[in-house]
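Each chain gets a letter, A, B and so on, in the order its sequence line appears, and its residues count up from 1.
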There are 2 protein chains.
Amino acid sequence: MLRLTKRSEYGLMALAYLGSRAAEFCSVREMAEDMAVPARLLAEVLKDLARAELINSQRGPNGGYQFAKDPTHFTIFDIVEILEGEVQFTNCAPGLTCTRESSCTIHGAISKVAEQVKGVLDGFTLAHLTPGHPDHMMSAATAAKSLQV
Amino acid sequence: MLRLTKRSEYGLMALAYLGSRAAEFCSVREMAEDMAVPARLLAEVLKDLARAELINSQRGPNGGYQFAKDPTHFTIFDIVEILEGEVQFTNCAPGLTCTRESSCTIHGAISKVAEQVKGVLDGFTLAHLTPGHPDHMMSAATAAKSLQV
DNA sequence: TTAATTTAGCACCGACTTGGTGCTTTTAAA
DNA sequence: TTTAAAAGCACCAAGTCGGTGCTAAATTAA
Ligand code: SF4
Ligand code: SF4
């Protein structure tokens, strides 16, 4: 539980993939094959990322997707929001769903938690995911870039 | 998305409630009424917390639930794990579901994120949620208007 | 022009999860 | 014995998630 969706996972993988390929246009078919993920679903995800203008799309033969100018400063938080909708740790945030916010004794702490979780997601950028980039984090043992919370 | 479930939310609220009531046994009906949450569901949650021995249960008239000795050092992470099952930020953790962990370029960063998110949840204890406790975190909105019992 | 390749849009489905309820049994106090 | 309460367990409706089908539009190559 408290799991990232496949959409986010595939999206992050795709962005890392495109980042390491720099300028070229890559088709969904090519990417899906290399990444070993379902092509149709990856396509949906890439459409969303293109709509959000993180990547450029090009139709027709030799078309595909390409990194936009420099999206490496986008954070994991941004990607998750684009692909899963607004990140709401509880139902109290926009005051809509919860009717007992005024008397809730845990609201204070909970919103602190939510804030920090968002902080974590915002502390990682695409640069951290992109192989070849100086900030890339390879498997388990990597210099800990601690967050500031 | 990336939302806490109601089970966790109700569980945390219930624990905060019990914490501020110290020694007494409180029945589900009483708690549900004061907290304005569905009684039957709250009951299910409390059962789980009792099974995990964070709270004591007592059947029969004047029975109910009560804080166990001193669970204030339990963290939000613990509660969420009890009520939602193991917290898995992605599917790679126990090596079961994911078949491409070896070639995954984002695995390093993603597991760092997961680790830090868990760290956040582990950084808050029941003490932070319990009104009256010196470590309690009040929200601006709730300052004076805590539920009276 | 025509055909092929590729993204865009959008609806849809099956499986699982979540929030919530019903009902019966057990425990314990009055 | 009656009554208040938790324990256990099954069940349901609605939503989410992973994934697919299908058609249309754009671009390139012949
Ligand atoms: S944490 Fe409190 S204020 Fe927020 S949704 Fe839950 S009950 Fe409402
Ligand atoms: S992050 Fe990589 S290793 Fe982990 S589940 Fe996703 S693809 Fe597998």
What's the [atom1]-[atom2] distance between [X] and [N], to the nearest Å?
X      : N       : atom1 : atom2 : answer
K6(A)  : dC16(C) : NZ    : C1'   : 14 Å
L41(A) : dA15(C) : CG    : P     : 17 Å
F25(B) : dA28(C) : CZ    : P     : 11 Å
L49(A) : dA8(C)  : CG    : C1'   : 14 Å
Q88(A) : dT18(C) : CD    : P     : 17 Å
E9(B)  : dG20(C) : CD    : P     : 10 Å
E84(A) : dG18(D) : CD    : C1'   : 13 Å
M35(A) : dG19(D) : CE    : P     : 12 Å

Is there a side-chain contact between [X] and [Y] in this structure, where contact means two heavy atoms from C-beta onward sitting under 4.5 Å apart?
X       : Y       : result
V28(A)  : Y65(A)  : yes
H136(B) : T130(B) : no
L46(B)  : M31(B)  : yes
L121(B) : L2(A)   : yes

*Considering residues at least two apart in sequence or located in another chain, which fulfil the side-chain contact (heavy atoms from CB on, under 4.5 Å) criterion with P61(A)?*
none
For nucleotides 1-3 of chain C, list the nitrogen or oxygen atoms of the protein found under 3.5 Å from its nitrogen or oxygen atoms, one pair per line.
none

*Any pair with a residue in residues 69-80 of chain A that passes salt bridge (charged side-chain N to carboxylate O under 4.0 Å, His left out), sequence neighbours left out, goes on the list, sorted by first then second residue, please.*
none
Nearest 0.5 Å, please: how far is [atom2] in [Y] from [atom1] in [X]?
X       : Y       : atom1 : atom2 : result
L83(B)  : T5(B)   : CG    : OG1   : 7.0 Å
F77(B)  : S8(B)   : CZ    : OG    : 11.5 Å
M35(B)  : T105(A) : CE    : OG1   : 8.0 Å
F124(A) : L12(A)  : CZ    : CG    : 12.0 Å

*Using a cut-off of less than 4.0 Å, is there contact between a side-chain N or O of S57(B) and OP1 or OP2 of dA7(D)?*
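Looking at the OP1 and OP2 atoms of dA7(D), one of them is under 4.0 Å from a side-chain N or O of S57(B).
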*Identify which one of T72(B), L49(B), V45(B), L129(B) satisfies the side-chain contact (heavy atoms from CB on, under 4.5 Å) criterion when paired with L15(B).*
L49(B)
*Between dT7(C), dA7(D), dT18(C), which one does the side chain of Y65(B) approach most closely?*
dA7(D)
Nucleotide N/O to protein N/O under 3.5 Å, stretch nucleotides 9-12 of chain C:
residue : atom : partner : partner atom : Å
dG9(C)  : OP2  : R51(A)  : NE           : 3.1
dG9(C)  : OP2  : R51(A)  : NH2          : 3.3
dG9(C)  : N7   : K47(A)  : NZ           : 2.5
dC10(C) : N4   : E44(A)  : OE2          : 2.8

*Applying side-chain hydrogen bond (donor to acceptor under 3.5 Å, both in side chains), which residue pairs with at least one partner in residues 23-39 of chain A are found, sequence neighbours left out?*
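Qualifying pairs, neighbours excluded: Y17(A)-D34(A), R21(A)-E30(A).
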*Taking for each residue the nucleotide of DNA chain D bearing the nearest heavy atom, is the 5' side occupied by R3(A) or by L46(B)?*
L46(B)
Produce the list of close N/O pairs, under 3.5 Å, pairing protein atoms with atoms of nucleotides 23-29 of chain D; give distances to one decimal.
residue : atom : partner : partner atom : Å
dA25(D) : N3   : R59(A)  : NH1          : 3.2
dT27(D) : O3'  : Q58(A)  : NE2          : 3.4

*When we call it a touch if two heavy atoms are under 4.0 Å apart, what does Y10(B) touch: a base, just sugar-phosphate, or nothing?*
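Sugar-phosphate only.
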